[in-house]
Amino acid sequence: MDFTEPETVLNLKNIRDELVRMEDSIIFKFIERSHYATCPSVYKENHPGLEMPNFKGSFLDWALSNLEIAHSRIRRFESPDETPFFPDKIQKSFLPSVNYPQILAPYASEVNYNNKIKRVYIEKIIPLISKKDGDDKNNFGSVATRDIECLQSLSRRIHFGKFVAEAKFQSDIPLYTKLIEDKDVEGIMKNITNSAVEERILERLTKKAEVYGVDPTNKSGEKRITPEYLVKIYKEIVIPITKEVEVEYLMRRLEK
Ligand SMILES: C=C(O[C@@H]1C=C(C(=O)O)C=C[C@H]1O)C(=O)O
């Protein structure tokens, strides 16, 4: 897949292959986060024990927003597969623009589910993958760093739904045009859903977690990311939000 060559991006097989590759990245980042406690203070807005200069928000928000500013200066968010968590804070890059060809519709960057992704990550994923409950004051920086890695990988995976949606739209323009004109959200959701692909993903994740999540030479070793939790995260969070991205992107696809 080469973002300077649209035909390689809007190829559904290429997209699905890329989504498979992202599974490994997400699993390993979850494993790294699993070594730490839940550390709820990292996510509390204006936490008394974590004063940050000239900033209103959580410790994680401070770290993530400042990293995104640095990343924006080196052109990260000019790439069509990157979606910022703080779009209002990113800055112009000092590097020359790559001038990627337009692959998605002009409004694509407005389809941004990162607030929901961050909320669900904190409320549902952290409790599942953390090794224990409670704060670990000596590791707030490490925890925020691991969280950012997890969030950026989840965001890229979920917002890949825009490429999936554009590929599906172009594969059957009459069908999707009718559904969009009829504002048939359920019809669009039904048509973008591929249960066989979803099933294959969940089966593969089970096998990967059985291998990656433990020391393969010591089957009785402590499981860090269990197959049950990984499947639950994908089935109840990652795949549904990806499909929400697809539907929202498609609902606007006839905009001039
Ligand atoms: C991503 C796709 O669209 C939908 C979402 C999927 C996912 O998030 O894994 C898988 C299949 C589809 O239901 C696809 O068709 O590959």
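For ligands, and for the atoms within them, numbers begin at 1 and follow the listed sequence.
With a 6.0 Å cutoff to the six-membered ring centre and a 45° limit on the axis angle, Arg73 does not count as a cation-pi contact of Phe94. A cation-pi arrangement is present between Lys89 and Phe86, with the terminal nitrogen or guanidinium carbon under 6.0 Å from the aromatic centre and inside a 45° cone about the axis.
Ligand 1 places these atoms under 4.0 Å from at least one heavy atom of Ile201: 9 (O). For ligand 1, the atoms closer than 4.0 angstrom to any heavy atom of Lys168 are 2 (C), 3 (O), 4 (C), 14 (C), 15 (O). Ligand-side atoms of ligand 1 in range of Thr242: 8 (O), range being under 4.0 angstrom from any heavy atom.
Here Leu205 contributes atom CG and Asp24 contributes atom CG; the two are 9.0 Å apart, rounded to the nearest 0.5 Å.
When only interatomic distances are considered, the shortest N/O to N/O separation between Asn194 and ligand 1 falls below 3.5 Å. Considering backbone and side-chain atoms alike, Arg157 places an N or O below 3.5 Å from some N or O of ligand 1. Between Lys243 and ligand 1, no N or O atom pair is found at a separation short of 3.5 Å.
Contact annotation for Ile192 and ligand 1: only backbone heavy atoms (N, CA, C, O) come within less than 4.0 Å of the ligand. By the criterion of a heavy-atom distance under 4.0 Å, both the backbone and the side chain of Ile239 are placed next to ligand 1.
Remark: of the listed residues Glu110, Lys162, Glu166, Glu166 is the sole one forming a side chain to side chain donor-acceptor pair (under 3.5 Å) with Tyr249.
Aromatic ring pairs are classed by plane angle as parallel below 30°, tilted from 30° to 60° and perpendicular above 60°; the pair Phe59 and Phe140 is tilted.
Taking a cutoff of 4.0 Å between a charged side-chain nitrogen and a carboxylate oxygen, Glu210 and Lys207 do not qualify as a salt bridge. The pair Glu244-Lys116 counts as a salt bridge, with a side-chain nitrogen and a carboxylate oxygen less than 4.0 angstrom apart.
Here the protein heavy atom with the shortest distance to atom 5 (C) of ligand 1 is Glu246 OE2, 3.5 Å. Considering only non-hydrogen protein atoms, atom 16 (O) of ligand 1 sits nearest to Arg16 NE, 2.6 Å. From the protein, the heavy atom lying nearest to atom 13 (O) of ligand 1 is Glu198 OE2, 2.6 Å.
Side-chain polar atoms of Asn114 and Ser155 form a donor-acceptor pair below 3.5 angstrom.
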